[in-house]
Structure formats: C-alpha cells, structure tokens
Amino acid sequence: QVQLVESGGGSVQAGGSLRLSCAASGLTRSHYCMAWFRQAPGKEREGIAASFTGGIATYYAESVEGRFTISQDNAKNTLYLQMNSLKPEDSGIYYCAAERDETGGYCYLTPGSYRSWGQGTQVTVSS
C-alpha cells in the first residue's frame with residue numbers, strides 16, 4: 001500500500017517561493033505517475049503538476065506553468081514541487097498523489113486518475 005506524506009507548506013507573501021516535498025513509501029518496482037493537486041475552500045480539487053517516474057515527462061496546469069516545477073528523486077522516493085512567484089490564488093491545501101502507470105507514461109491531472117493520496121499541506125499566500 002502506497003503511503004504519501006507531504007511537508008513544506010506555510011505562509012508566504014505574494015511573489016515569494018515555497019518548496020513542497022512528498023515522501024512516498026510502499027512503492028513497487030513499477031513506474032508511477034506522481035502528481036500535485038490543490039484545493040481551495042469551496043472549490044474542486046485541481047491538478048497542477050504531474051511527473052512520470054519512468055522518464056522525464058512532466059505535465060502542468062496552465063495556471064502554474066512557468067512558475068512551478070515538479071521534480072522527483074527516485075532514489076529517495078520523494079516528489080518535490082518548487083513554487084515561485086506565488087499569488088494569493090495559489091493558496092489552498094496541496095496534496096500529493098500517486099498511481100501505478102497504466103497509460104504508457106502519460107500522467108493525467110484529474111483526481112480520479114489517482115488512488116493514493118497524502119493528507120495535504122496548507123499553503124497560504126498573502127497579498
């Protein structure tokens with residue numbers, strides 16, 4: 001069973017940066033799609049970035065492309081999200097998600113595509 005633990009959230013002013021980490025355990029030798037989602041109060045969970053453990057492919061939502069960078073350290077089973085030029089609308093709970101690859105390396109940014117989830121970490125960006 002895959003377990004995911006996020007860390008690195010906090011409060012920052014607009015224009016600032018944060019780096020989130022997601023420590024994964026229980027992964028098999030299969031390849032996985034690993035992704036970051038966020039959810040603001042009263043809004044649906046939004047997929048913002050995904051990465052394929054078997055290659056270099058990354059996927060981003062338009063709202064964060066050019067500002068956020070997803071990366072992974074497969075040796076440490078850790079996923080990262082570097083967030084720069086943060087905006088107040090980036091505030092929310094950020095979740096890490098994982099799913100064993102069944103799509104040949106294409107990672108979707110839809111919540112229904114992932115069955116393993118972390119507990120989330122809060123990010124608050126003030127103006």
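Worth saying up front: this structure is predicted, and the values here are computed from it rather than measured.
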State which residues pass side-chain hydrogen bond (donor to acceptor under 3.5 Å, both in side chains) with Ser25; sequence neighbours excluded, sorted by chain then number.
-> none

Determine the minimum heavy-atom distance between [X] and [Y], stating which atoms define it.
| X | Y | answer |
| --- | --- | --- |
| Gly92 | Gln122 | O-NE2, 3.4 Å |
| Met34 | Cys96 | CE-SG, 4.4 Å |
| Thr78 | Ser21 | CG2-CB, 4.4 Å |
| Ala40 | Ser91 | CB-O, 3.8 Å |
| Gly8 | Leu18 | O-CD2, 4.0 Å |
| Ser127 | Ala14 | CA-CB, 4.3 Å |

Short question: side chain of [X], backbone of [Y] - any donor-acceptor pair under 3.5 Å?
| X | Y | answer |
| --- | --- | --- |
| Trp117 | Leu4 | no |
| Thr110 | Gly112 | no |
| Glu6 | Gln119 | yes |
| Thr121 | Tyr94 | no |

How many angstroms lie between [atom1] in [X] and [atom2] in [Y], if you round to the nearest 0.5 Å?
| X | Y | atom1 | atom2 | value |
| --- | --- | --- | --- | --- |
| Arg38 | Lys43 | CZ | NZ | 8.5 Å |
| Tyr60 | Trp36 | OH | CH2 | 12.5 Å |
| Ser113 | Phe37 | OG | CZ | 7.0 Å |
| Cys33 | Asp101 | SG | CG | 5.5 Å |
| Gln1 | Ser116 | CD | OG | 7.0 Å |
| Thr103 | His31 | OG1 | NE2 | 12.0 Å |

Sequence neighbours excluded and cut-off under 3.5 Å, please list the side-chain donor-acceptor pairs for residues 64-75, or say none.
unit_1: Arg67; atom_1: NH1; unit_2: Ser85; atom_2: O; d: 2.9
unit_1: Arg67; atom_1: NH1; unit_2: Asp90; atom_2: OD2; d: 2.7
unit_1: Arg67; atom_1: NH2; unit_2: Ser63; atom_2: O; d: 2.8
unit_1: Arg67; atom_1: NH2; unit_2: Asp90; atom_2: OD1; d: 3.0
unit_1: Arg67; atom_1: NH2; unit_2: Asp90; atom_2: OD2; d: 3.4
unit_1: Gln72; atom_1: OE1; unit_2: Ser51; atom_2: OG; d: 2.7
unit_1: Gln72; atom_1: NE2; unit_2: Phe52; atom_2: O; d: 3.1
unit_1: Asp73; atom_1: OD1; unit_2: Ala75; atom_2: N; d: 3.1
unit_1: Asp73; atom_1: OD1; unit_2: Lys76; atom_2: N; d: 3.2
unit_1: Asn74; atom_1: ND2; unit_2: Thr53; atom_2: O; d: 3.2

Do [X] and [Y] sit in one hydrophobic cluster, given that two such residues count as connected whenever their side-chain heavy atoms are within less than 4.5 Å of each other, even indirectly?
| X | Y | result |
| --- | --- | --- |
| Ile48 | Val123 | yes |
| Tyr32 | Tyr95 | no |
| Val125 | Met83 | yes |
| Leu79 | Tyr59 | no |

Could you give me the CA-CA distance, side-chain angles and deciding distance for Tyr114 and Tyr108, then say whether ring-ring contact (aromatic ring centres under 6.0 Å, His included) is met?
-> CA-CA 9 Å; Tyr114 297 84; Tyr108 293 92; 8.7 Å; no

